[in-house]
Every structure is written in C-alpha cells, then in structure tokens.
Amino acid sequence: MEILLIGPPNVGKSVLFNRLTGIDVSMANYPGTTVDYKKGEACVRSKRFTLIDVPGTYDLNTSNEAEEVAVEMLDSSPAGVVFVLDAKNLESSMHLLLQVLSHGLPTIAAVNRSDLVAGEVDIELISAELGIPVIRTVAIEGKGLEEVKDRIAEMLRGDVDPPLPPKVAWDEAERISGAARCPFGTDGRRERWGELLVRPIPGIPLAILILALTFALVVGLGMGLRQFVLMPFFHAFVIPPIEGAVDMMFEDGMVKNILIGDYGFLIKTIEWPLGLVLPYIISFYLALSILEDSGYLPRLAVLIDGLFKRIGLSGSNIIPFLLGYGCAVPAIMSTRNMSDRGRRVMVSAMICLSVPCVAQSGAFISLLAESSVLLVPALFIFSFLMAFLFGMLISRLTGVRREAMVQEIPDLLLPDVRMLGKKLWIRVRHFLREGVVAMGMIIGVAAVLYESGVLVHVGHLMEPLVVGWLGLPAEASTPLILGVFRRELAVLPLIDMGLTTLQLFTASVVALLYIPCIAVISVLAREFGIKVSLIILVATLSASFLIGGLVFQIGSLFL
Amino acid sequence: MVEQYRADEGKEPIGQIIDAGTYDDFPGEGLETSPSPRRITRAMQESFKSIERLGSRIPSLGMFYGSLFYGPVLRRELKMAGIDKGSEILVIGSGHLPLTGLYLARLGHKVTCVDNDPAATASAQDLMQRVGGPSGIDFRTVDGKDADYKGWKAVWVTFNVSPKELILRKISSEVDEGAKVVYRNPRGFIRRFYDRVDPLTIEREHRIMRQIFGKESVILVNRPGCGSCGRRTLCSLGMGCEAVIASGPSDPVLSALGIRPGKRVKALSRQPFGGPMMACVEGRNVAIDMEMAAMITLH
C-alpha cells in the first residue's frame, strides 16, 4: 500500500515525513528520470504502508521533471494522498491541492505551520468546501500528528471517499482560502533577521562570517573525530587483530603485502574510508544540514547570484559547489535538478577542476600549514579564482544561458535536532553502503599495482614532466598516480618530501586541479556519458600540469 | 522641420522606454566600461563645450544644433514626465547655449535657467536677445548646490552639471511631492567619457528613456509614498515601497509564489552586481531576477 505525501516546498513536508516514518527511510530514483525521492516504511494503528515523499513542487503544470514525476505518481493509483497545506501561504498551496484533487484519489489535508499565523485557519470550512478530511498540524512540534495517523488508517481501510473533482483555478483557490483564513501575522523578529541576511549590508559580511564558521566547524569537528576518536579506535581494536590473522595465514611476500603492506588492502579499506574520510563526512554533512534546515542556503544563493551571473550561472547553483567541498559525487548528483544539460556539465566540470573535496582539503591543511599558515588561504583563493576563470571560459565557449532566478526565501528556522540526526544518518549510511565498498575495490587494485611495481614504473615515465616542468622531486610522481584513486592521496605523500614553499604551492595547485578521483569519473560517465567525462578528464589533467607548471616557472623567477 | 522629427520618432528605437532599473542599469554593471585616460575624457568634454560656446556666438549654428537634438529630446521627455503646458520649470546648469531652457520655453513653459558661471548667464541672456527668444525664460547666476527647489513642477539637470549625483540627491529630496526631476545619462560608448548617475542610487521611482547621441533621459519622481503613475515595473519599485501587480509573465512558479495580478507586492532589497531583488507578497519573501522583475508591471 502506497500513500503519497504531497505539498509545496518549504511547508514542513519532510518534518511530517520523518514524524510518520521510522528509521527505514531511503532515497530512491524514479525510473527513467533524474528525480530522487524519499520513501519510508510506516505503520499506523497496526496498518503498514509505504509513505512516498513526492518531490516538492509549486504547481503540477510546470515543465520540470520533478513535477512530471509527481503527476506520474498520482496516476499510478496509490492508496491515497496526504496533502500538506501551508497555513502561511494558504492560497498557493490551495491551488496545488485543487490540482491534486482533480486526480480523484482519496485525500486528506493537513494544514501545517498553523502556529505561524495569528488566528486559526477555518479547517471545517475547507473540509466542507472540498469534501475531504482536514487536520490542523504543527509538524515540528508533533501537534495534530495522531489525528493524521487516524485518518491515514481510515484511508488504508478504504473509509475515505475520493473527492468530487473541484474547479482548478486561481480564483477558486483565492475564494476558499480567503474564506478560511483570518488576517495573518508572523513572528516579526525572526523575519527581520531573515530579511537582513539578504540585504547586501549586512548580508554579505555575515555570509562571509557564516561560511568561515561553517568551515571551522567542518575542519575542527572532522579533525577531532579523526584524531581522537576513530583512528585511535581502529588502531587499538580493529587493525591489530587483522594484521595478526594475516600474519598467521600468509608467508612474507607479495600476497601479504597486498593485504597489509604499505598500501595494504585490508588495512587501508578500513583506515582510509572509515578513519580518514568518515569524520569529515560527518562534520561536513552536519554543517551542511544545519545550513539547509535553517533556511540560510536560499539567502546565500540570492547574495551570490550577481557574481554567478558573470559566469552564466544563477545563484541557486551555489548548492552543488557547497556539496562539492564535501565530495564531488553528491555535488554532481545534485546538479540533476538543473533543467539544462549544458549547465549541469559546466557546473560538474568546474567542481571537478577546482573544488577540493573535504578529504583533500584536510590533506592540504596538514601539508601547507606546517610550512606557512598563509599558504592555506592562498590555495583556497586560488581555487575560487580558477573556478571563476574556468566558468567564464566555459560559458563563453558554450554560450550557456542562465536561468532567471525566481526563488522563495523561506523563513529562518531553528533546525530540529531529530531531523538533523536523521538526515545525517541517511547520508552516513549511504556513504557506508556505497562509498566504502567501491573504495575497497579501488584500494585492492592500487595495492596490486603498487606491489607488482607498475606504479613505480609509470612514475619513471612521468619524471621529465614532474622534475623538469613542475620542479618537483622525482618521487612526487607516485602521489600523482595515486591521486587518480583518491584526491587526498595526491597530497598526503608529499608531506615528508621536504619541499620548499614554492614546491609545496606548485604541488598543491597540481593536486587541486588534477583529475577527480575514480568514483567521480564513474559518476561523470554515468551522468553525462563517456565522451563528456573524457573531455573533463583531459581538460583537468592538462589544466593541472599547465597551470601548476606556470606557477612554478613564474614563481621561480621571483623566489 | 517639426513634422519631420515626429515622423522619425516612430521608426527609431530612440525614444523607446527602457524598463527602468533593468540589470543593465545596475551599479557595478557599468564597471565593464572602464573610464579612459583622463586626458581623452577632458578633451572630449571640452570639445562639446566649445561647440556650445561657438553656438552661442554664432546663433544660427547654435539653433541648428539645437533643432537637431533638443527639440525632439525635450518633447519626448515632457511627454514621459507628463508635464502640462505652462508649468514652472527650473533648469540647472543651462550654460552658454541654454538650449534645454529655450526649447522648454518654446514649448510653452515658464522656465528659469540657472548656472553657477556668471559669464555663461551673461552670454545666454545676450543670445536670447539676438535670436528673439520666447518670453517665458529667465536667467540667474546660482549654484545648483544652493538653489531653492520648492515650487517647481519639474527640474531639468543638464548633462554637464557636476557633482551631478550630489545635486540630484539634493534636488530629488527637496522638490515638491510629485515633482519630476529630469536628467540625462551617457549610454553605450559615451559612458567612457561622462560620469553616469545610476537612478537607483538616488532611490526614487524612476523611468529611463533612450535618446539620440548616446544619451538616455532619466525621470525621477519624488513620490515617497509610492502612488500610481503610468507604466511601472516591479524592478523600478523603490525599496520599502508597495504596489499592486497589474500583469506579469504567466509562469506557474511565479503564480504559485503569489506574483499574480491584483496582489500587493513590496520591494525589500536589491543586490549589487545585477543580482535578484527581494520582494514580499502576502508575507512570503521571494527573490526575483531583475530581468524577470522588469516584466512584471504594477498599477
């Protein structure tokens, strides 16, 4: 039995979804499209059903994929619909409800956010007008939830009659909501802040401050988890028994080295994804979820729009970039909700070229901060600059047209701790399920190549480029090869090479612009095809050696 | 002669109203046309001034120059500003060749021209006598920074007035409510040689109209409360001002966000560098691209 949860964006639909479903929630991809939706098992009054969080849309007549999916889901004869009306913007959600009702499914409506309006919404009137059960809810506080569950149970028993098809028009929506609503008033103080945050002053300085704090949270929490919790745990309790077991089973030699040597498959499969990457996954997605749930991201998009306009993008495209500082894989996936393929490719290419993932950022910090603290911001400024220049270049070459920004700026909200926890859990679980397995296989291949001497051999071939043009020591070609597998591996081995400041910066620039890791390449190929991913590979590879070399050659004139 | 200008008006893009405050007119947007070396700028400005000075010495030449440019320009400006015949008009910075004042007077208005240069006032008066200027024109030597701006239906600020932005700010805050302030901005190539005053920086309701010779006319209305006037668009709505939407593109998302005819909309803030504007409709804040906002008309 499937029940659809439908409502406009920013109405608290996800909160209701989380309240109704248990821990078993998953992201699913709608077949044949790029639309992801949430799906969760739920149980009310001992009746089990699947609740589907239909992608939020303002209108069923827009021409984007999310809306097409919503219509298809409505036509797939589900058991019923739970519609979330927005007490604060009753009229526009009423219009969407009328559109949904015209599909003739048993429907119940929850008037959510009724705490944000001064008076009460006349739910009896709406119920009488539309012929469906209507419940007043405040999802974030769990108010009205039990009644929603009762109605869902009735719907599952088949006791809720499908409504008569209503007249779908704005004047009808205006009439019903006008009659049901009292004059609205809202929480003035929070709104005032919400508005100040999008004024250029103080919005822009505050945005810089907020991003700096976010960065500090990600790096601080990530490093803390890694150094004081996860790595000590693995080194004390997990790795020694594995090493012991392998020691007993195999003689010294290649097989043993592949399993537990320098790039030992069994050790690194635990240490790298779980010890080095997981802490940053946790800290990054925690920070990102706070930004998302507080309603700050749309404000950031507004502030950055003017700048992004220069490179043919719109402010909303900041979100893939922010995700990219975590990992390019979800960043590229998140470009799916952009309507234009050219822009998707452009944003993905920019992320691959110049946005370091969180693991690589961590590696940069440990590499550069030891030599000079100023090198770290210098590298990040360089990365912004490269993203901007590269974006300008692509938009000139491809003539990508930007989409005009029309975006609701939701009220600021204090993020709900339960929601944050659940969101973080979904993301961490996703990483554990998909990331760790893939990474394990890559590490296995790398271990075989390393132990069989292939890596060393290829390293010799690259020497003229690495030593002659980039001015780095010969052994620096090994991290470049490993960088294909994991971005931070293009950086970490450099730490003990005793490089000069210029060499450090050159090597960092090369690693920054260097080709994305294998996981990203495979996502690129899946999303855009082999040809586009090859072009991105060649472009990033040549950009990294060209620009890295220029940095060294020009730098050595002065230093 | 006059008929010919009218015939021209229909064909050319000149005189066409450019939607006020489209992103092309945004602060920062003009940065692309970086100012050329000062010497060229000065030479360019001086050469225009000397043409005017020459025109004031040889009246027939001056009149020819005026009829070529000022007649049609002023007619269009008057039409867009909606100024009735016989209105009291002040012209700031009339100069040696007071063509703006002269044509305003010829079109039936009571004009007072002021300039801070006594020599300019004198030669302008001299010129009027020689060409037999119309009766309703008067000259005074006053600096634009000290003039009294009360009691005028409209104030024209000429191209060479400086510091233009300061004076415009002063005027637009001191004129009577509902009075119009008209000034001209360089557009296109000419932007390299003359300073532009972005109407948004003055923070008054405004409209922009394309003119010939690389200029555009800007009409500011001193309307602190926001009333109704001709065709207005959302992008030109002053910060904190409210208006009712007349029409807009039929976009489902815009409709769902409340941007529909008959809704009250309030402009909250604008972004630099051509970013979107923030508007509030029924308690909901919406970011709208300026190009989109230019398509939404207001009552």
Side-chain angles (χ1 to χ4, degrees), chain A residues 8-10 57-64 67 86 88-93 95-96 99 116-117 170-171 173-174 181 183-186 191 194-201 203-204 295 298-299 301-310 314-316 402-411, chain B residues 21-32 200-201 203 234-235 239-240 245 247-296:
Chain A
N10 307 315
T57 171
Y58 288 108
D59 192 285
L60 290 185
N61 289 324
T62 54
S63 54
N64 63 42
E67 165 277 318
D86 186 354
K88 213 184 149 205
N89 301 296
L90 196 56
E91 199 174 279
S92 72
S93 51
H95 187 251
L96 182 61
Q99 290 181 329
L116 291 181
V117 290
W170 276 108
D171 53 6
E174 278 169 23
R181 184 184 54 187
F184 52 86
T186 44
E191 214 156 78
E195 208 197 303
L196 279 180
L197 284 174
V198 282
R199 292 232 168 129
I201 304 292
I204 292 172
R299 290 175 167 79
V302 168
L303 291 172
I304 205 96
D305 188 65
L307 197 63
F308 269 39
K309 220 171 190 170
R310 306 281 153 125
S314 99
S316 328
R402 62 186 291 274
E403 31 189 354
M405 179 186 238
V406 175
Q407 191 171 25
E408 179 179 4
I409 307 300
D411 296 339
Chain B
T22 51
Y23 87 89
D24 194 31
D25 307 306
F26 240 73
E29 206 58 41
L31 292 176
E32 284 155 19
L200 285 176
T201 61
E203 290 184 356
L234 181 57
C235 66
M239 281 225 300
I245 296 170
S247 70
S250 62
D251 178 79
V253 175
L254 273 183
S255 302
L257 292 176
I259 314 284
R260 296 198 301 277
K263 294 282 170 197
R264 278 197 84 75
V265 60
K266 183 179 180 189
L268 296 178
S269 57
R270 290 197 168 81
Q271 297 299 318
F273 312 119
M277 71 178 291
M278 293 290 303
C280 177
V281 188
E282 296 193 330
R284 169 151 38 186
N285 291 355
V286 183
I288 305 171
D289 191 89
M290 287 303 268
E291 285 171 60
M292 188 73 101
M295 291 192 277
I296 298 163

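Order of the sequence lines sets the chain letters (A, B, ...), proteins ahead of strands, with each chain counted from 1.
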Worksheet item: Looking at A:Pro298, A:Pro200, A:Ala301, which makes the most heavy-atom pairs under 4.5 Å with chain B?
Response: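 Heavy-atom pair counts peak at A:Pro200.
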Response to the item:
A:Asn89 meets the side chain to side chain donor-acceptor pair (under 3.5 Å) criterion, sequence neighbours left out, with A:Asp86, B:Arg284
Worksheet item: Which atom pair, heavy atoms only, marks the closest approach of B:Ala256 to A:Ser92?
Response: O-CB, 2.7 Å
Between atom [atom1] of [X] and atom [atom2] of [Y], what is the distance when rounded to the nearest 0.5 Å?
{"X": "A:Asp59", "Y": "B:Leu254", "atom1": "CG", "atom2": "CG", "answer": "11.0 Å"}
{"X": "A:Asp305", "Y": "B:Met290", "atom1": "CG", "atom2": "CE", "answer": "11.5 Å"}
{"X": "A:Arg199", "Y": "B:Leu268", "atom1": "CZ", "atom2": "CG", "answer": "7.0 Å"}

Which atoms of [X] are under 4.5 Å from chain B, going by heavy atoms: the side chain, the backbone, both sets, or neither?
{"X": "A:Leu303", "answer": "both"}
{"X": "A:Glu408", "answer": "both"}
{"X": "A:Glu174", "answer": "side chain"}

Item to complete: Kindly write out the residues that satisfy side chain to side chain contact (heavy atoms under 4.5 Å, CB included) with A:Pro9, not counting sequence neighbours, or none if the list is empty.
Response: A:Tyr58
Worksheet item: Partners of A:Ala173 by side chain to side chain contact (heavy atoms under 4.5 Å, CB included), sequence neighbours excluded?
Response: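 Counting only residues at least two positions away or on another chain, A:Ala173 forms a side chain to side chain contact (heavy atoms under 4.5 Å, CB included) with A:Met94, A:His95, A:Leu98, A:Trp170.
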Worksheet item: Do any of residues 258-267 of chain B have a heavy atom less than 4.5 Å from a heavy atom of chain A, and if so, which, in residue order?
Response: B:Arg260, B:Lys263
Practice prompt. Start with the C-alpha distance between A:Met405 and B:Gln271, add both sets of side-chain angles, then the distance that settles side-chain contact (heavy atoms from CB on, under 4.5 Å), and finish with yes or no.
Written response: CA-CA 13 Å; A:Met405 179 186 238; B:Gln271 297 299 318; over 6 Å; no
Item to complete: Identify which of B:Ser269, B:Ala287, B:Ser255 forms the greatest number of heavy-atom pairs closer than 4.5 Å to chain A.
Response: B:Ala287
